[in-house]
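The structure appears right after this line, and notes come after that.
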Amino acid sequence: MKYSIDPNARCAVIGAGSWATAIVKILLENEKRIAWYIREPEIRESIAANGTNALYLQDVHFDADRLDISGDVNEVFEQADLVVLAVPSAYIKTTLQPLRVSLENKFIVSAIKGIIANEYITIAEFMNQDYGVPFDRIGIVSGPSHAEEVAMERLTYLTMVCKDIDNAKVLGRKFASRYINTVYSTDIYGVEYGAVLKNIYAVAVGICTGLGYGDNFMAVLIANSAMEMSRFMERTYPSPRDFNASVYLGDLLVTCYSKFSRNRTFGTMIGKGYSVKSTMIEMTMVAEGYYSSACINQINKKFDIYMPIADAVYRILYQKASAADTIKRLQKELV
C-alpha cells in the first residue's frame, strides 16, 4: 500500500546544532507548533528564557510558546508524525539509542549529510536496517544550504527527496517560504551519497587552501571532484540523474567555496600543519568529511573506481601522509 504524508502531519526536529536550529526556524514559517529534542540543558534553558539558542545561531529568535522542547527523545517522537533528524552523523546512534517509541506510520526525514562511522552506510540505510523504517517512509532534505545563510534569510534552494514524488511535494510545502525554494527528487541513494562525497572534496579544497594554492588550481580540483562524484554514483548505483542539478553540483560548490563550510575549514587546518586530532579539538562543530573519507575508501575496495582526490584525502587523514607531498602527486592525476 502506498504511504502518503498527511499534509497536516505534526513535525519534530531532533538536534540543536546550527542546521537543526535553522530547520526549526524554517518549519515554524508554516507549522503552528514544533516538537524539538534538545539534549543540552543550557540550550533548553536559553530558548525558554530568551528565545535563542545559546550555542548556535544566536541571532535567530523563537517564539518559545510554539515549541514543545524536551530532553527526552521518546517524548518528542511520541508527539510527531514527521521527524526530522538533524544531529551530526557521529552522534545519531547514541541520540536514538534510548528510543522505545514505535516508528510505525511515522515519516523519517534525514537532514544529515554524513555517514554512520565504521558501518559505511547512510542515514537512510541506517534507519532502514536498524529501525525497520521502509524507504517509502524515509525522506531526505539536501542541497546547498549553510545554516548561517538560512538564519539571515538569504535565498536558499532545498531539494526534497522521497521515493514517491507526491510525498516530496508535501514535504516541500512544509519547508517552502519566501527565502526557501523547494525542488524535488526521488534519488535517495544519489542525493545521500552526493552529500557524503562533497564533504570529502571540500576537505581537499581546504587542504589545498592551507597549503597556499590559488583559485586557478581550485577550479581544476573542484571540476575533477565533480567528475569523480559522477563516476562513483554511476558505478555503485546507476540511475537517471542530472549531476548539474543544485543538489549535486550546487552542494559541492558551496561546500568547497563557502566561508561557512566546516569541511573546508577542517581541511585548511590540516593543510596548515595541524594534526587531525588537534583540528578536531579546535573545531566546535563536526566535519562530516573526516568520517565520509573512511566510508568511501572502504566502499571503493569493492568497486575499484578511479578516485584520486578521495584517495589522497584518505591518505592524509588516516595514514598520516604528508599533505604537501600527497597534493603534489595528485596534480598529475587531474585534467
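Numbering starts at 1 and runs along the sequence shown.
- Partner of R33 under the salt bridge (Lys or Arg N to Asp or Glu O under 4.0 Å) criterion, chosen from D65, D63, D68: D68.
- Side-chain contact between I165 and K169 is present, with at least one heavy-atom pair separated by less than 4.5 Å.
- Between Y37 and F77, the distance separating the two ring centers is not shorter than 6.0 angstrom.
- The cluster map of Ile, Leu, Val, Met, Phe, Trp and Tyr, joined by side-chain heavy atoms under 4.5 Å apart, puts L249 and V196 in the same cluster.
- Here CD1 of I43 is found 6.5 Å from CD1 of I38. Values are rounded to the nearest 0.5 Å.
- Put simply, the side chain of Y318 reaches to within 4.5 Å of the side chain of Y290, judged on heavy atoms.
- Salt bridge status for R66 with E31: absent, with no side-chain N to carboxylate O gap under 4.0 Å.
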Given the rule in the side-chain hydrogen bond (donor to acceptor under 3.5 Å, both in side chains) test, do Q331 and Y213 qualify, once you have shown the distances and angles that lead to the verdict? CA-CA 11 Å; Q331 295 170 26; Y213 286 85; 2.7 Å; yes
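- Ionic pairing of D164 and K2 is present here: one or more N-O contacts between side-chain nitrogen and carboxylate oxygen are shorter than 4.0 angstrom.
- Taking the six-membered ring wherever Trp is involved, the centroid distance between the rings of F232 and F303 does not fall below 6.0 Å.
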Determine, step by step, whether N53 and T21 satisfy the side-chain hydrogen bond (donor to acceptor under 3.5 Å, both in side chains) criterion, reporting the C-alpha distance in whole Å, the side-chain angles of both residues, the deciding distance to 0.1 Å, and the verdict. CA-CA 8 Å; N53 185 327; T21 302; 2.9 Å; yes
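- Side chains of F126 and I115 form no contact here, defined as non-hydrogen atoms less than 4.5 Å apart.
- E228 places a side-chain N or O within donor-acceptor distance of the main-chain N or O of I309, the cut-off being under 3.5 Å.
- Taking the side chain as every heavy atom from C-beta outward, I222 and V205 approach each other to under 4.5 Å.
- One N or O on the side chain of T156 and one on the backbone of R154 form a donor-acceptor pair closer than 3.5 Å.
- With hydrogens and angles disregarded, no donor-acceptor distance shorter than 3.5 Å links the side chain of S89 to the backbone of G114.
- A donor atom on one side chain and an acceptor atom on the other are found under 3.5 Å apart for T122 and E125.
- Side-chain contact annotation: E75 with S70, donor-acceptor N/O pair under 3.5 Å present.
- Using modelled atom types, no side-chain atom of N50 and backbone atom of T52 make a donor-acceptor pair closer than 3.5 Å.
- Counting heavy atoms from C-beta on, the side chains of K174 and L82 come closer than 4.5 Å.
- Between the side chain of N199 and the main chain of A195, a donor-acceptor pair closer than 3.5 Å is present.
- In R235, the CZ atom is crowded: over 12 heavy atoms of neighbouring residues, nucleotides or ligands sit closer than 6.0 Å.
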Go through T186 and K163 one step at a time and tell me if the side-chain hydrogen bond (donor to acceptor under 3.5 Å, both in side chains) criterion holds. CA-CA 5 Å; T186 59; K163 281 191 70 175; over 6 Å; no
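- Rounding to the nearest 0.5 Å gives a distance of 5.0 Å between CD1 of I108 and CE of M127.
- Side-chain atoms of T94 come within 3.5 Å of backbone atoms of Y91 as a donor-acceptor pair (strictly under, hydrogens ignored).
- For K272, the NZ atom sits in a loose shell: 12 or fewer heavy atoms of surrounding residues, nucleotides or ligands are nearer than 6.0 Å.
- At a threshold of 4.0 Å, the pair K113-D251 counts as salt-bridged, since one of the basic side-chain nitrogens sits closer than that to a carboxylate oxygen.
- Listed for the T209 side chain is no donor-acceptor partner under 3.5 Å among the backbone atoms of I207.
- T236 and Y189 form a side-chain donor-acceptor contact under 3.5 Å, judged by distance and modelled atom types alone.
- Taken from CH2 in W19 to CD1 in I23, the straight-line distance is 5.0 Å, to the nearest 0.5 Å.
- The side-chain heavy atoms of E333 and Y306, taken from C-beta on, include a pair separated by under 4.5 Å.
- For the pair R231 (side chain) and I305 (backbone), a donor-acceptor distance under 3.5 Å is absent.
- Residue V73 is grouped with residue L103 when hydrophobic side chains (ILVMFWY) are merged at heavy-atom distances under 4.5 angstrom, including chains of intermediate members.
- Atom OH of Y157 sits in a sparse spot, with 12 or fewer heavy atoms from other residues, nucleotides or ligands closer than 6.0 Å.
- One distance of note links CG of L211 with OG1 of T268; it measures 9.5 Å at 0.5 Å rounding.
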Check against side-chain hydrogen bond (donor to acceptor under 3.5 Å, both in side chains), D136 and Y3: CA-CA 7 Å; D136 65 354; Y3 180 91; over 6 Å; no
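- Taking the charged nitrogens against the carboxylate oxygens, R178 and E153 do have a contact shorter than 4.0 Å, which makes a salt bridge.
- No donor-acceptor distance shorter than 3.5 angstrom exists from the side chain of N224 to the backbone of L334, with no hydrogens or angles considered.
- Linking Ile, Leu, Val, Met, Phe, Trp and Tyr whenever their side-chain heavy atoms come within less than 4.5 Å leaves M227 and V313 in two separate clusters.
- Under a hydrophobic clustering in which Ile, Leu, Val, Met, Phe, Trp and Tyr are joined whenever their side-chain heavy atoms come within less than 4.5 Å, directly or via other members, V183 and L253 fall into different clusters.
- For the pair L99/N74, a side-chain contact is recorded, criterion being any heavy-atom separation below 4.5 Å from C-beta on.
- Of the possible polar contacts, none joining the S293 side chain to the G289 backbone as a donor-acceptor pair under 3.5 Å is found.
- Residues E288 and R262 are not in side-chain contact: their nearest non-hydrogen atoms beyond the backbone lie 4.5 Å or more apart.
- Y184 and T182 form a side-chain donor-acceptor contact under 3.5 Å, judged by distance and modelled atom types alone.
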